[in-house]
Amino acid sequence: MLLDRRRTNALVGQGASILVTLFGLLILTFVIGRIMPNDPVRAIVGEDATREVYDRVYQQLGLGRPVWEQFLLYIRDVATLDFGTSVRTGQPVLTDILRVLPATIELATFAILFGALVGVPLGVLAAVNKDRWQDHVIRVFSLMGHSMPIFWTGMIGLLVFYAWLGWVGGSGRMDQFYIGLVPERTNFLLIDSLLARQWDVFASALNHILLPASLLGYSSSAYITRMTRSFMLDQINQEYITTARVKGLSTRQTIWRHAFGNIRVQLVTIVALAYGALLEGAVLIETVFAWPGFGSYLTANLLIGDMNAVMTCVLVVGVIFIALNVLSDILYRVFDPRTRA
Amino acid sequence: MTDPILDVADLSVRYPGATAPAVRNVSFTLGRERLGVVGESGSGKSTLGRALMRLMPAADITARRMQFEEVDLLAARERQMLKLRGRRMSMILQDPKFSLNPIRRCGDQIAEAYRTHFRCSKAQAHDKAVEMLDAVQIREPERVYRLYPHEVSGGMGQRVMIAMMLLTDPDLVIADEPTSALDVTVRLQVLRILDDLVREKGIGLIMISHDLNLVRNFCDRVLIMYAGRVVETLKARDLDRAQHPYTRGLLAAQPRIAGDRGDLPVLQRDPAWEQEARP
C-alpha cells in the first residue's frame, strides 16, 4: 500500500516536472519568436506593401495586443496543434513537420542503431584490452569518426559506394522512379511501402538509407565507443568483478553478465542524447544526400526568418528531448533496482 | 601435516612498472587447517591471496613451486584455472557493499556460483542457494534470496558472500579481511559462521587480516608478513612468544582493556627487516 502511494507520488512528480519543462519550453519559443531580428509581417506582405496592408496583417497576427495576451493565445494555438502557416512553403507548419520529421526519424533511428551496435561492443572491447593493440586500433577508428566532417565523408561515401561500386542508392529517400508511388500514411517510407506491399520501393528506400545512416551512425559511434570504454573501465576495477572471477567466470562472462549490466543506465543516457542530437542536427548529411528531413527544413526556415516554422521546430526539438528523457528515466528503473521506489 | 592442499615455495609477485616486488620469496604449506596471514597495509598479504588464485593477469608471478593439490598453479592455463576458481578454491572479499553485484539479486549471485560448475537446472541451483543461505544462518532464506545487495545489511551481505564461496565445497578458501568492513557487533557472529563451516567441511582456510586477536582466536598457524616477506611463522597459540622484533612490536602496540593506560609504544622499524634471510 505504502509502496503504491510512493510509486504514484513518483509518477505525479514526474508528470509535474514534464509539464513545468513544457511550459518553460513554450516561454522560450515564444520569446524566440518575439526577439528574432526580423519582421514577421514583412516576411508575409513583402518589401513593397502599403502601410494599410502592413497594419492589417500586423493586427491579424495579434501583434498589437499585450504580450501576455499574445502568449496565452500562443498556448491555446499550441494546445490545439495550430502552429500557423509556413511562409516559405505556404502550408500549415504541422503538415510540413509531419512530412519532414518522419524522414529524419527514419534516418536517425537507423543511424543510432548502427552507432550503438558498433560503438558499444567496440567500447567494451577497448576497455577489456586497455593499452593493447585492440585499444589503439579502436581509438584511431573512433577518432576518425569523430574528426572527419560528416559532409566530407558523405560526399566520399557517395563517390565510392554509389558512383564507383554501385552498392547503395544515391541521394534522396528512394529512386526517382518510385517517388509518388507509395500512398503516404505515416510518412515513414519504410513503413508505408511495407503497408502498401510494394517491396521494390521498400528495397529502394532501404538501399538509400543505408549509406547516410551508417555514416551518421559512424560519427555517433565514435562518441558512444569512447564513453562505453570509460564506463566499462570504471566497472572493471570494481570488487564485484573480482567476485565474479573468483566464482570461475571467464572474462567474457564476467564482462557481459556482470559489468555490462552496470553500465546500461549510463549507456541509455548517452545513446538517448546522441539520438536526440541526430534528430535535430542531421542538417549536413541531409543536405549532401538531398534528404528532405527536419534538419534541412529548420535551416531553410531559419535563414529566411519563417517565424511560425522556426518556433514550431524548436518546440519539436524540445519535446523530442523531453520524450527521450522520460524514456531513459523509465529504462533506469528497468535496469537498476536501486532506482526503483 | 598429511596431504598439503597448497605448497608454495619462493613465491614472488611484481606489479608491472613497480620498482620492488609486492611479494618476495614467500614459502609455506597449507593442510586442512586455518592459516592466518597478518601484516600491515601494503605488506603484500592481499597480493599473496590474489596471486594464489591467479587473479592478476598483468602481474609477474614467479615461484619455485606453487602446487594446489595435483595442479601446478604456475603452469596451469587459464582454462584450467576457470575450472578451479569457484569450484575448488575460492575467496571471500572484504566489503559486501562492493563485492556483490549491485544490480543482481543476492540469491541469483549465489546460484550462479553453483551453475558455473555444475550441470543443473535453474530450480536446482535455486534450491542449493537457499539451502546455503540457511547454512549461513539467514533466517528467511527465500526472502533474502530475492533481495538486492543494497537491501541487506553488511553482516548479512558478508554471509551471502560466504554462502556463495562455500556452496561448491571448495578445498581452499582465502578470506581477505572478511570482517574488516563489518560492525564490531556482527564480526564475531560472521566469523563463527565461517569458522563452523570451514571446520565442518574440512576446508583449508587462509585468513588474511591485520587483526592479531582475530587471527589468534580463529587460526591454527600465523604467517607474519612485512614488506612483501614472511618474517615469522608461528602457531597461533604461541603468538605471545614471537621472536621477530616486528611481530613483538605489533603485539606491544595493541591497546589493552585492563591495566596500564599509558602511551602505547610506537613500532621502531629496522631497515634490516626487509633484507634479512627467512627465519
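In what follows, chains carry the letters A, B, and so on, assigned in the order in which the sequence lines appear, proteins first and then strands, with residues in each chain numbered from 1.
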Separation between CG (Leu249(A)) and CZ (Arg115(B)), nearest 0.5 Å, reads 11.5 Å
Check your understanding: CZ of Phe118(B): more than 12 outside heavy atoms within 6.0 angstrom?
Key -> yes
Cut-off 4.5 Å, heavy atoms of chain B, and the answer for Arg257(A) is both
Highest number of heavy-atom pairs under 4.5 Å with chain A among Glu78(B), Gln109(B), Arg87(B) belongs to Gln109(B)
So, the part of Met164(B) with a heavy atom under 4.5 Å from chain A: the answer is side chain
Rounding to 0.5 Å, atoms NZ (Lys247(A)) and CG (Leu82(B)) come to a distance of 14.0 Å
Taking every heavy atom of Arg245(A) against every heavy atom of Pro57(B), the minimum-distance pair comes out as NH1-CD, 4.1 Å
If one checks every heavy atom of Arg79(B) against chain A at 4.5 Å, the contacting part turns out to be neither
For Lys201(B), look at atom NZ and say whether over 12 heavy atoms of other residues, nucleotides or ligands are found less than 6.0 Å away. yes
Those residues of residues 91-105 of chain B that come under 4.5 Å of chain A on a heavy-atom basis, listed by number, are Met91(B), Leu93(B), Phe98(B), Ser99(B), Leu100(B), Asn101(B), Pro102(B), Ile103(B), Arg104(B)
Open item on the list: Please evaluate residues Glu112(B) and His258(A) with respect to the criterion side-chain contact (heavy atoms from CB on, under 4.5 Å), reporting the C-alpha separation (whole Å), side-chain torsions for both, the decisive distance (0.1 Å), and the verdict.
Closed with: CA-CA 11 Å; Glu112(B) 187 186 34; His258(A) 286 272; 2.8 Å; yes
